[in-house]
> 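Take a look at this one; I'll ask things after.
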Amino acid sequence: MALQIYNVLGREKQPFVPVQEGKINMYVCGPTVQDYAHIGHAKTYVSFDVVVRYLRYSGYDVLYVQNITDVGHLLDTGEDRILKKARQAASSPMQIAEYYTRKYFEAMDALGIQRPDISPRASGHIPEQIALIEQLIHKGHAYEVNGSVYFDVRSYPEYGKLSNRKLDEQEAGTREDVRDEKRHPADFALWKKAEPEHILRWESPWGVGFPGWHIECSAMAAKYLGETFDIHGGGVDNIFPHNESEIAQSECVHDAPFANYWMLVGSLMVPDAEGIPVKMSKSLGNFVTVTDALEKYRPEVIRTLILSGHYRSPLIYSDSDDPEQESSLRSAKNGWERLMGAVWLTRDAMAAAPEGDDGNGILAALSTARTRFEEAMDDDFNAPSALAALYELTREVNTLLNSGTTVGKNVLMAIDNTYRKLGGEVLGIVPDKMLGGTNADREAALIRMLVDMRSEARTSKNYAVSDRIRQQLAELGIALEDRPDGSTIWRVS
RNA sequence: GGCGACGUGGCCAAGUGGCAAGGCAAGGCUCUGCAAAAGCCUGAUCGUGGGUUCAAUUCCCACCGUCGCCUCCA
């Protein structure tokens, strides 16, 4: 089956047809770098990471652009967020933005998210934004008032087509101070005049000021991907006004469709005091940073959790050390460990396996798994269904490898390759190696040595020694498992 | 109030007009020096009430409930 994508523009699953055959231009709204990245960001960016990985796996040449918004947005009070933060920290705004930009990349890297091909900064594209605004004014879609420029929503009849909103049904804007300047309450700022105390400021044809929130995405998407590109992604919470306004600006400037397919990711939810799920967000203060989550769980586990739900659905994030309490993370961890158990078993067996095709009955299961996996992913990137294909394969692999029959090296390599491709390359939940770091090989050899010594102790029924080795390794996070054939495998727990 | 999404076994979660994937948890079993792991077995009238149909969890209507957006948010 060919790739189908649920297009928010039209609200239906559609066959995917790129502008240029074999090539995909894709833009995803990035973060505003004004605080640490939390698990909510992780959900969105892991989801698109897997989308990009799968598209590449499918043979597409993908150009993936994700912006960094570092010019700040307006607060209700009219105060710039980054500016406010800078004042608190007594640093310059760009210093704050740079700090959180670095932290953002660190967090995403740690989650195994492949970097976008281009991560353009809004602050580095002020001229492009000004150029767009000038064109909008020239074409009658925007107007200038007192050094600020607003988009005239009534000049664009399609305004609201993404979020299904009608102008006359919207509540009037609440920002009293700016409402007077607007011709229509739904008009939004393209350029804002900077008050004297506002440090983030740039020269423009309308005086000193700073760009509105939505224009940077229109400017950078057009610059790197062209007037019309294939996929635009982001979180659903930005469907209005942000995404809607991006479309309006871009289509009015270029007189061409902006993005052909809109993919919006469901929000990450966290139970409140009553156990009712609410969106994780900075303003509610109910967020868990990526860094904190990674202190307790491996990145692959967090990815597994995120992929256990469809990208469009909200996902409940919960964790508790109390075994009686629900923990979606613990669930994900246990499932992931079972899957990885099969992977380690396969790789471990490879070292001593005879050449040949013994046990090649599993090849049919590998083929089935791959087919089911691809069918799931082709169907609007149905990761939970794809994951299920991997879990079913895992049962068959475990059965084979625990059956005591000989399995040839070629067959083991085929199994490993399937996990590497689907679980590693596409989903990013199957690491290449058990251990990371520069001394990984040496460490593995040392562990192997202890395992061998323990085996000798067991053979001579010196269980006091063998159990002590196992116990002490366990305390270091290395779990040993004795196999029916007398061998022992180890893994990081 | 407007717009949108959703309600599937204890929890999470796919899915289809025709006997309801998968994961976690629980119980039983097999294997085992112990441990661990793995495998097998056990469970759902798919929110409620109508309607369409030979047949609905799947389509339509109503209702109840939950969440999101409408203000900064991925």
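We name chains A, B, ... by the order of the sequence lines, and we start the count at 1 in each one.
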> Rounded to the nearest Å, what distance is computed from the OH atom of residue A/Tyr317 to the C1' atom of nucleotide B/rC11?
17 Å

> Please state how far atom CD in A/Glu246 lies from atom P in B/rA74, giving the value in whole angstrom units.
13 Å

> Answer with base, sugar-phosphate or nothing: what part of the nucleic acid does A/Pro484 contact at a heavy-atom distance below 4.0 Å?
nothing

> OP1, OP2 of B/rU32 versus side-chain N and O of A/Arg483: anything below 4.0 Å?
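No, A/Arg483 has no side-chain N/O under 4.0 Å of OP1/OP2 on B/rU32.
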
> Passes side-chain hydrogen bond (donor to acceptor under 3.5 Å, both in side chains), A/Asp485 versus A/Ser487? Steps please.
CA-CA 6 Å; A/Asp485 65 3; A/Ser487 67; 2.7 Å; yes

> The side chain of A/Cys29 lies closest to which of these nucleotides: B/rA21, B/rC40, B/rA74?
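Nearest to the side-chain atoms of A/Cys29, counting from C-beta on, is B/rA74.
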
> Could you tell me whether A/Arg121 and A/Glu216 have a side-chain N and a carboxylate O separated by less than 4.0 Å?
no

> Could you give the distance separating B/rG47 and B/rU8 at their P atoms, to the nearest angstrom?
6 Å

> Using a cut-off of 4.0 Å on non-hydrogen atoms, how would the nucleic acid contact of A/Ser328 be classed: base, sugar-phosphate, or nothing?
nothing

> Between B/rG33, B/rA36, B/rA74, which nucleotide has the shortest distance from any of its atoms to the side chain of A/Ser466?
B/rG33

> What integer number of Å spans the P atoms of B/rC29 and B/rG65?
46 Å

> Tell me whether the count of non-hydrogen atoms from other residues, nucleotides or ligands lying under 6.0 Å of NZ in A/Lys421 goes above 12.
no

> Could you give the distance separating B/rA13 and B/rA25 at their C1' atoms, to the nearest angstrom?
14 Å

> Can you tell me if the side-chain N/O atoms of A/Asn382 get under 4.0 Å from OP1 or OP2 in B/rG15?
yes

> What nucleotide among B/rC34, B/rG68, B/rA37 has an atom nearest to a side-chain atom of A/Met269?
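Among B/rC34, B/rG68, B/rA37, the one nearest the side chain of A/Met269 is B/rG68.
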
> What nucleic acid atoms does A/Tyr391 come within less than 4.0 Å of, heavy atoms only: base, sugar-phosphate, or nothing?
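Counting heavy atoms under 4.0 Å across all strands, the contact made by A/Tyr391 is with sugar-phosphate only.
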
> B/rU57 and B/rG18: how far apart are their P atoms, nearest whole angstrom?
11 Å

> When you compare B/rG39 with B/rC31, how far apart are their C1' atoms, in angstrom units rounded to a whole number?
9 Å

> Base, sugar-phosphate, or nothing for A/His242, non-hydrogen atoms under 4.0 angstrom?
nothing

> For B/rC46, give the paired nucleotide (Watson-Crick: N1-N3 plus N6-O4 or O6-N4; G-U: N1-O2 and O6-N3; both under 3.5 Å), or none.
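Because no pair has both required distances under 3.5 Å, B/rC46 counts as unpaired.
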
> Both distances below 3.5 Å, Watson-Crick or wobble geometry, any strand: find the nucleotide opposite B/rG33.
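In the structure as shown, B/rG33 has no Watson-Crick or wobble partner.
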
> Round to a whole Å and report the spacing from NZ of A/Lys279 to P of B/rU71.
13 Å

> From C-beta outward on A/Pro384, which listed nucleotide comes closest to its side chain: B/rA13, B/rA37, B/rC3?
B/rA13

> Classify A/Gly40 by what it touches in the nucleic acid, base, sugar-phosphate, or nothing, heavy-atom distance under 4.0 Å.
base

> Rounded to the nearest angstrom, tell me the gap between atom CD1 in A/Ile429 and atom C1' in B/rG23.
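After rounding, the gap between these two atoms is 11 Å.
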
> Any idea how A/Tyr224 and A/His125 line up, ring-wise: parallel (<30°), tilted (30 to 60°), or perpendicular (>60°)?
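A/Tyr224 and A/His125: perpendicular rings.
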
> Taking any strand in view, what nucleotide pairs with B/rG1 in a Watson-Crick or G-U wobble way, both distances under 3.5 Å?
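Paired with B/rG1, as far as the under-3.5 Å criterion goes, is B/rC70.
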
> If the cut-off is 4.0 Å, is A/Thr459 near the phosphate of B/rG33, judged by side-chain N/O to OP1 or OP2?
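It does not, given that no N or O in the side chain of A/Thr459 lies less than 4.0 Å from OP1 or OP2 of B/rG33.
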
> Across the strands shown, which category fits A/Ser281 at heavy-atom distances under 4.0 angstrom: base, sugar-phosphate, nothing?
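Base: the residue A/Ser281, judged by heavy atoms under 4.0 Å, touches a nucleobase.
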
> With the side chain of A/Ser385 defined as its heavy atoms from C-beta on, choose the nearest nucleotide among B/rC11, B/rA14, B/rA74.
B/rA14

> Can you tell me how far P in B/rG9 sits from the matching atom in B/rA5, rounded to whole Å?
22 Å

> For A/Thr399, answer base if it contacts any base atom (sugar-phosphate contacts may also be present), sugar-phosphate if it contacts only those atoms, and nothing otherwise; contact means non-hydrogen atoms under 4.0 Å.
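Sugar-phosphate, no base atom in range.
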
> So, does A/Asn334 get its side chain near the phosphate of B/rG23, meaning an N or O under 4.0 Å from OP1 or OP2?
no

> Tell me: CD1 of A/Ile306 to P of B/rA14, nearest whole Å?
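It works out to 15 Å between those atoms.
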
> Measure NZ/A/Lys282 against P/B/rU71 and give the value in whole Å, please.
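So the two atoms are 19 Å apart, to the nearest Å.
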
> OP1 or OP2 of B/rG39 less than 4.0 angstrom from a side-chain nitrogen or oxygen of A/Asn402, does that happen here?
no

> Going by purine N1 to pyrimidine N3 plus the second Watson-Crick contact, or the G-U wobble pair, all under 3.5 Å, which nucleotide sits opposite B/rG65?
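Base partner found: B/rC6.
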
> Between B/rG43 and B/rG1, how many Å separate the two P atoms, rounded to a whole number?
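Roughly 45 Å separates the two P atoms.
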
> Does the side-chain ring of A/Tyr45 sit on the six-membered ring of the B/rA74 base, less than 5.5 Å centre to centre and under 30° in tilt?
no

> How would you label the contact of A/Leu339 with the nucleic acid (heavy atoms, under 4.0 Å): base, sugar-phosphate, or nothing?
nothing

> Could you tell me whether A/Asp482 and A/Arg458 have a side-chain N and a carboxylate O separated by less than 4.0 Å?
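Salt bridge: yes.
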
> Touch check for A/Arg454, heavy atoms < 4.0 angstrom, all strands: base, sugar-phosphate only, or nothing?
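Since a base atom lies under 4.0 Å of A/Arg454, the category is base.
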
> Is there a Watson-Crick or G-U wobble partner for B/rC19 with both distances under 3.5 Å, and which nucleotide is it?
none

> Select base, sugar-phosphate, or nothing to describe what A/Ile276 touches, counting heavy atoms under 4.0 Å on all strands.
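Sugar-phosphate only.
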
> When you measure from the side chain of A/Arg395, which nucleotide among B/rA74, B/rC70, B/rG39 comes out closest?
B/rG39

> Just call it for A/Ser47: base, sugar-phosphate, or nothing, with non-hydrogen atoms closer than 4.0 Å on any strand.
nothing

> Decide if the gap between the ring center of A/Phe188 and the ring center of A/Tyr150 is smaller than 6.0 angstrom.
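So the answer is no for these two rings.
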
> When we call it a touch if two heavy atoms are under 4.0 Å apart, what does A/Gly233 touch: a base, just sugar-phosphate, or nothing?
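Touches nothing.
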
> Side chain of A/Arg11 only, heavy atoms from C-beta on: which candidate in B/rA21, B/rA14, B/rG4 is closest?
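It is B/rG4.
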
> In this structure, how many angstroms lie between the P atom of B/rG22 and the CD atom of A/Glu392, rounded?
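So the CD-P distance, A/Glu392 to B/rG22, works out to 5 Å.
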
> For the P atoms, the ones on B/rU45 and on B/rA21, what distance do you get once it is rounded to whole angstrom?
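Approximately 14 Å lies between the P atom of B/rU45 and that of B/rA21.
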
> From C-beta outward on A/Asp467, which listed nucleotide comes closest to its side chain: B/rG33, B/rG15, B/rA14?
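For the A/Asp467 side chain, the nearest candidate turns out to be B/rG33.
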
> Using atom CZ of A/Arg338 as one end and atom P of B/rA37 as the other, report the distance to the nearest whole Å.
12 Å

> Pairing check on B/rA56: which nucleotide meets the Watson-Crick or G-U wobble criteria with it, both distances under 3.5 Å?
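Base partner found: none.
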
> Any carboxylate oxygen within less than 4.0 angstrom of a Lys/Arg side-chain nitrogen, looking at A/Asp379 and A/Lys13?
yes

> Is the ring centre of A/Tyr27 less than 6.0 Å from the ring centre of A/Tyr64?
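No; A/Tyr64 has its ring centre 6.0 Å or more from that of A/Tyr27.
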
> Inspect the contact between A/Glu337 and A/Lys333 and indicate whether a charged nitrogen and a carboxylate oxygen are less than 4.0 angstrom apart.
yes

> For B/rA74, does OP1 or OP2 lie under 4.0 Å from any side-chain N or O of A/Thr32?
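Indeed, a polar side-chain atom of A/Thr32 lies that close.
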
> State plainly whether the residues A/Asp319 and A/Lys296 are in salt-bridge range, i.e. N to O under 4.0 Å.
yes

